[in-house]
Amino acid sequence: MDREFFNQDGINVAKQILGKYLIRKYEGKTIVTKIVETESYMGITDKGAHVYGDKKTERTKPLYLEGGHIYVYLIYGMYYCLNVSANNEGIPECVLIRAVEPITNLDEIAFNRFKKEYAQLTNYQKKNITNGPGKLCMALNINKTLNSKSILGDELYISDFYYEGDNKIYSDSNFEIENGKRINIDYAQEAKDYLWRFFIKNNKHVSVNKNK
DNA sequence: AGTTTGATTCTCT
DNA sequence: GAGAATCAAACTA
(Lines give C-alpha, C1' and ligand atoms only; values in the text may rest on other atoms or scores of the structure.)
Protein backbone atom coordinates (compact mmCIF):
# COMPACT_ATOMS: atom_id res chain seq x y z
CA MET A 1 0.00 0.00 0.00
CA ASP A 2 1.24 3.50 -0.71
CA ARG A 3 0.98 6.89 0.95
CA GLU A 4 -2.10 7.87 -1.02
CA PHE A 5 -3.93 4.81 0.30
CA PHE A 6 -3.50 5.91 3.93
CA ASN A 7 -4.45 9.50 3.18
CA GLN A 8 -8.05 8.37 2.77
CA ASP A 9 -10.43 8.72 5.68
CA GLY A 10 -10.23 6.18 8.50
CA ILE A 11 -13.37 4.24 7.58
CA ASN A 12 -12.20 3.59 4.04
CA VAL A 13 -8.77 2.53 5.22
CA ALA A 14 -10.25 0.23 7.86
CA LYS A 15 -12.42 -1.56 5.28
CA GLN A 16 -9.83 -1.68 2.54
CA ILE A 17 -6.97 -3.20 4.56
CA LEU A 18 -9.14 -6.22 5.38
CA GLY A 19 -7.70 -9.22 3.56
CA LYS A 20 -4.35 -7.48 3.02
CA TYR A 21 -1.11 -8.82 4.45
CA LEU A 22 0.45 -7.34 7.56
CA ILE A 23 4.13 -8.21 7.34
CA ARG A 24 6.64 -7.94 10.18
CA LYS A 25 10.41 -8.13 9.78
CA TYR A 26 12.90 -8.10 12.65
CA GLU A 27 16.19 -9.80 13.48
CA GLY A 28 16.25 -11.29 9.98
CA LYS A 29 12.89 -12.96 10.52
CA THR A 30 9.74 -12.43 8.47
CA ILE A 31 6.20 -13.07 9.63
CA VAL A 32 3.25 -12.72 7.25
CA THR A 33 -0.30 -12.40 8.55
CA LYS A 34 -3.61 -11.40 7.00
CA ILE A 35 -5.69 -8.58 8.47
CA VAL A 36 -9.17 -9.86 9.35
CA GLU A 37 -10.60 -7.29 11.80
CA THR A 38 -10.23 -3.51 12.20
CA GLU A 39 -11.84 -0.52 13.87
CA SER A 40 -11.95 3.12 12.80
CA TYR A 41 -11.31 5.97 15.21
CA MET A 42 -12.46 9.12 13.53
CA GLY A 43 -10.61 11.97 15.12
CA ILE A 44 -11.46 14.90 17.35
CA THR A 45 -15.26 14.53 17.20
CA ASP A 46 -15.22 10.79 18.01
CA LYS A 47 -15.94 10.24 21.71
CA GLY A 48 -14.29 6.82 21.49
CA ALA A 49 -11.01 8.18 20.18
CA HIS A 50 -7.89 9.06 22.17
CA VAL A 51 -7.84 12.42 20.38
CA TYR A 52 -11.45 13.32 21.21
CA GLY A 53 -11.66 17.06 21.84
CA ASP A 54 -8.40 17.59 19.91
CA LYS A 55 -6.38 16.07 22.74
CA LYS A 56 -2.92 16.36 21.26
CA THR A 57 -0.56 14.91 23.85
CA GLU A 58 2.80 13.16 23.81
CA ARG A 59 0.98 9.86 23.42
CA THR A 60 -1.32 10.84 20.55
CA LYS A 61 1.24 12.75 18.46
CA PRO A 62 1.64 10.02 15.81
CA LEU A 63 -2.07 10.28 15.01
CA TYR A 64 -1.64 13.87 13.88
CA LEU A 65 1.01 12.87 11.34
CA GLU A 66 0.11 12.14 7.74
CA GLY A 67 -1.72 8.88 7.08
CA GLY A 68 0.48 5.80 7.16
CA HIS A 69 2.21 6.28 10.50
CA ILE A 70 2.29 3.66 13.25
CA TYR A 71 0.64 4.38 16.61
CA VAL A 72 1.40 1.85 19.34
CA TYR A 73 0.16 2.38 22.88
CA LEU A 74 0.17 0.38 26.10
CA ILE A 75 -3.21 -0.67 27.44
CA TYR A 76 -4.06 -2.01 30.92
CA GLY A 77 -0.41 -1.78 31.85
CA MET A 78 0.40 -4.97 29.94
CA TYR A 79 -0.59 -5.08 26.31
CA TYR A 80 0.23 -3.11 23.19
CA CYS A 81 -2.30 -2.11 20.56
CA LEU A 82 -1.38 -1.39 16.94
CA ASN A 83 -2.94 1.44 14.95
CA VAL A 84 -2.20 3.06 11.61
CA SER A 85 -2.89 6.77 11.15
CA ALA A 86 -5.27 7.73 8.37
CA ASN A 87 -6.21 10.86 6.45
CA ASN A 88 -4.01 13.93 6.00
CA GLU A 89 -1.57 15.59 8.36
CA GLY A 90 -3.42 17.34 11.18
CA ILE A 91 -6.49 15.09 10.88
CA PRO A 92 -5.95 12.47 13.59
CA GLU A 93 -8.00 9.55 12.32
CA CYS A 94 -6.70 6.00 12.63
CA VAL A 95 -7.39 2.31 12.25
CA LEU A 96 -6.96 -0.15 15.11
CA ILE A 97 -5.91 -3.58 13.88
CA ARG A 98 -7.84 -5.97 16.09
CA ALA A 99 -7.09 -9.38 14.62
CA VAL A 100 -4.97 -11.12 12.02
CA GLU A 101 -4.69 -14.62 10.60
CA PRO A 102 -1.24 -16.27 10.68
CA ILE A 103 0.04 -17.03 7.15
CA THR A 104 3.77 -17.82 7.37
CA ASN A 105 6.33 -18.59 10.07
CA LEU A 106 3.79 -20.06 12.47
CA ASP A 107 6.57 -21.35 14.72
CA GLU A 108 7.88 -17.84 15.33
CA ILE A 109 4.35 -16.61 16.07
CA ALA A 110 3.74 -19.54 18.41
CA PHE A 111 7.01 -18.92 20.19
CA ASN A 112 6.25 -15.21 20.67
CA ARG A 113 2.88 -16.10 22.16
CA PHE A 114 3.42 -19.33 24.06
CA LYS A 115 7.16 -20.16 23.96
CA LYS A 116 6.40 -23.35 22.06
CA GLU A 117 6.48 -24.58 18.47
CA TYR A 118 3.21 -24.33 16.60
CA ALA A 119 2.79 -28.11 16.42
CA GLN A 120 2.89 -28.30 20.21
CA LEU A 121 0.06 -25.84 20.77
CA THR A 122 -3.33 -26.99 21.99
CA ASN A 123 -6.30 -26.39 19.71
CA TYR A 124 -7.40 -23.69 22.12
CA GLN A 125 -4.07 -21.91 21.78
CA LYS A 126 -4.13 -22.20 17.98
CA LYS A 127 -7.58 -20.66 17.90
CA ASN A 128 -6.58 -17.80 20.17
CA ILE A 129 -3.15 -17.07 18.76
CA THR A 130 -3.76 -13.69 17.05
CA ASN A 131 -7.48 -12.94 17.57
CA GLY A 132 -7.16 -9.71 19.53
CA PRO A 133 -5.22 -6.44 19.43
CA GLY A 134 -2.91 -7.34 22.32
CA LYS A 135 -2.41 -10.89 21.10
CA LEU A 136 -1.33 -9.90 17.61
CA CYS A 137 1.18 -7.43 19.01
CA MET A 138 2.73 -10.20 21.09
CA ALA A 139 2.68 -12.54 18.10
CA LEU A 140 4.43 -10.05 15.79
CA ASN A 141 6.83 -8.64 18.38
CA ILE A 142 5.23 -5.20 18.09
CA ASN A 143 6.13 -2.70 20.82
CA LYS A 144 6.64 1.02 21.31
CA THR A 145 9.93 1.08 19.40
CA LEU A 146 7.74 1.11 16.27
CA ASN A 147 5.67 4.06 17.49
CA SER A 148 5.45 6.98 15.03
CA LYS A 149 7.44 5.12 12.37
CA SER A 150 6.08 4.70 8.85
CA ILE A 151 3.91 1.73 7.88
CA LEU A 152 5.51 2.09 4.44
CA GLY A 153 8.93 1.05 5.76
CA ASP A 154 10.53 -2.36 6.02
CA GLU A 155 9.96 -3.27 9.70
CA LEU A 156 6.17 -3.43 9.60
CA TYR A 157 4.10 -2.88 6.49
CA ILE A 158 0.84 -3.72 4.74
CA SER A 159 0.82 -5.23 1.27
CA ASP A 160 -1.29 -6.81 -1.46
CA PHE A 161 1.17 -9.67 -1.79
CA TYR A 162 4.03 -11.55 -0.20
CA TYR A 163 6.71 -13.88 -1.48
CA GLU A 164 6.90 -17.53 -0.58
CA GLY A 165 10.25 -18.39 -2.12
CA ASP A 166 9.98 -17.13 -5.67
CA ASN A 167 6.21 -17.34 -5.65
CA LYS A 168 4.44 -13.98 -5.50
CA ILE A 169 1.17 -14.57 -3.71
CA TYR A 170 -1.55 -11.95 -4.01
CA SER A 171 -4.30 -11.35 -1.51
CA ASP A 172 -7.75 -12.25 -2.71
CA SER A 173 -10.77 -10.08 -2.07
CA ASN A 174 -13.28 -12.87 -2.27
CA PHE A 175 -14.98 -12.29 1.08
CA GLU A 176 -17.83 -10.37 2.63
CA ILE A 177 -17.24 -7.57 5.12
CA GLU A 178 -19.38 -7.50 8.25
CA ASN A 179 -19.53 -4.53 10.57
CA GLY A 180 -20.55 -3.94 14.15
CA LYS A 181 -20.06 -1.76 17.19
CA ARG A 182 -16.52 -1.13 18.38
CA ILE A 183 -15.37 -3.23 21.31
CA ASN A 184 -14.92 -2.00 24.90
CA ILE A 185 -15.64 1.69 24.55
CA ASP A 186 -18.63 1.89 26.90
CA TYR A 187 -17.48 5.32 28.06
CA ALA A 188 -17.97 6.80 24.57
CA GLN A 189 -21.69 7.68 24.95
CA GLU A 190 -23.49 7.71 21.58
CA ALA A 191 -20.22 6.94 19.77
CA LYS A 192 -20.13 3.48 21.31
CA ASP A 193 -22.97 2.48 18.98
CA TYR A 194 -21.30 3.58 15.75
CA LEU A 195 -20.75 0.61 13.45
CA TRP A 196 -17.06 1.23 12.96
CA ARG A 197 -15.74 -2.27 13.53
CA PHE A 198 -15.15 -4.23 10.33
CA PHE A 199 -14.28 -7.88 9.92
CA ILE A 200 -14.17 -10.68 7.38
CA LYS A 201 -17.34 -12.73 7.56
CA ASN A 202 -16.85 -16.28 8.87
CA ASN A 203 -13.12 -15.85 9.44
CA LYS A 204 -11.89 -18.03 12.31
CA HIS A 205 -9.45 -15.44 13.65
CA VAL A 206 -11.86 -12.58 14.34
CA SER A 207 -11.81 -11.58 18.04
CA VAL A 208 -15.51 -11.10 18.70
CA ASN A 209 -18.13 -12.77 16.52
CA LYS A 210 -21.07 -10.48 17.07
CA ASN A 211 -22.21 -7.46 15.15
CA LYS A 212 -24.69 -5.57 17.31
C1' DA B 1 2.54 14.62 43.92
C1' DG B 2 -1.40 11.63 44.23
C1' DT B 3 -5.33 9.36 41.94
C1' DT B 4 -7.81 7.28 38.24
C1' DT B 5 -8.29 4.89 34.10
C1' DG B 6 -8.28 1.88 30.45
C1' DA B 7 -9.45 0.67 22.08
C1' DT B 8 -7.06 -6.38 26.97
C1' DT B 9 -6.06 -11.01 28.17
C1' DC B 10 -5.89 -14.99 31.06
C1' DT B 11 -7.62 -17.93 34.56
C1' DC B 12 -10.70 -19.68 36.81
C1' DT B 13 -15.99 -21.00 37.52
C1' DG C 1 -19.29 -14.56 33.05
C1' DA C 2 -16.47 -12.51 36.70
C1' DG C 3 -12.08 -10.98 38.67
C1' DA C 4 -7.20 -10.12 38.57
C1' DA C 5 -3.01 -8.55 36.54
C1' DT C 6 -0.25 -4.04 36.02
C1' DC C 7 1.41 0.73 34.68
C1' DA C 8 1.95 4.84 31.49
C1' DA C 9 -0.59 8.66 30.71
C1' DA C 10 -4.14 11.60 31.74
C1' DC C 11 -6.35 14.01 35.12
C1' DT C 12 -6.98 16.52 39.63
C1' DA C 13 -5.30 20.09 42.36
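A note on names: the letters A, B, ... follow the listed sequences, proteins ahead of strands, and every chain is numbered from 1. Only a predicted model underlies this, so the values are computations on that prediction, with no experimental measurement involved. All values below were derived from every heavy atom in this structure, side-chain atoms included, with hydrogens, water molecules and symmetry-related copies excluded.
For the pair A:M42 CE and B:dA7 C1', the interatomic distance rounds to 15 Å; values are reported in whole Å. Residue A:L63 contributes atom CG, which lies 12 Å from atom C1' of B:dA7 at whole-angstrom precision. Rounded to whole Å, the distance from CG on A:L82 to C1' on B:dA7 is 12 Å. In this entry the distance linking CD of A:Q125 with C1' of B:dT9 reads 14 Å, nearest Å. In this structure, the CG atom of A:D186 is 14 Å from the C1' atom of B:dT5, given to the nearest Å. Taking atom CD1 on A:I70 and atom P on B:dA7, their separation rounds to 20 Å, with Å as the unit.
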Please table the atom pairs, donor to acceptor, closer than 3.5 Å between any side-chain atom in residues 149-158 of chain A and protein atoms at least two apart or in another chain.
unit_1	atom_1	unit_2	atom_2	d
A:K149	NZ	A:E155	OE1	3.0
A:S150	OG	A:L152	N	2.9
A:Y157	OH	A:K25	NZ	3.4

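If A:R113 and A:I183 are placed on DNA chain B by their nearest nucleotide, the residue sitting closer to the 5' end is A:I183.
Remark: A:Y124 pairs with no residue by the ring-ring contact (aromatic ring centres under 6.0 Å, His included) rule, at least two apart or across chains. Judged as a ring-ring contact (aromatic ring centres under 6.0 Å, His included), and not counting sequence neighbours, A:F6 has no contacts.
When each of A:Y64, A:Y187, A:Y73 is paired with A:H50, the ring-ring contact (aromatic ring centres under 6.0 Å, His included) condition holds for A:Y73 and for no other.
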(Q) For nucleotides 6-13 of chain C, give me one character per nucleotide, 5' to 3': B if any protein heavy atom sits under 4.0 Å from the base, S if the only such contacts are to the sugar-phosphate, - if neither. (A) BBSSSS--

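For A:T60 (side chain) and A:K55 (main-chain N/O), a donor-acceptor pair under 3.5 Å exists by modelled atom type. The backbone N or O of A:R197 sits nowhere less than 3.5 Å from a side-chain atom of A:E39 that would complete a donor-acceptor pair.
Residue A:Y79 places no side-chain N or O under 4.0 Å from the OP1 or OP2 atom of B:dC10. OP1 and OP2 of B:dA7 both lie 4.0 Å or more from every side-chain N or O belonging to A:N184.
A:N83 comes within 4.0 angstrom of a nucleotide base, judged by non-hydrogen atoms across all strands.
For the pair A:K115 and A:F111, the cation-pi criterion (under 6.0 Å, within 45° of the ring axis) is fulfilled.
Between A:E178 and A:K201 no salt bridge is recorded (no basic side-chain N to carboxylate O distance below 4.0 Å). Under 4.0 Å is where a charged nitrogen must lie from a carboxylate oxygen, and between A:K204 and A:E101 no such pair does. A:D193 and A:K181 are joined by a salt bridge, as a carboxylate oxygen and a charged side-chain nitrogen come within less than 4.0 angstrom of each other.
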Q: Could you give me the CA-CA distance, side-chain angles and deciding distance for A:D46 and A:R182, then say whether salt bridge (charged side-chain N to carboxylate O under 4.0 Å, His left out) is met?
A: CA-CA 12 Å; A:D46 179 359; A:R182 294 176 291 179; 2.7 Å; yes

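B:dG6 has no stacking from A:Y187 on its base ring, since the centres under 5.5 angstrom apart and planes within 30 degrees of parallel are not both found.
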Q) Just the dot-bracket of DNA chain B, please: which string comes out with Watson-Crick or G-U pairs under 3.5 Å, [ ] for crossing, | for another strand? A) ||||||.|||||.

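Contacts with DNA chain B (heavy atom under 4.0 Å) in residues 131-139 of chain A: A:G132, A:P133, A:G134, A:K135, listed by number.
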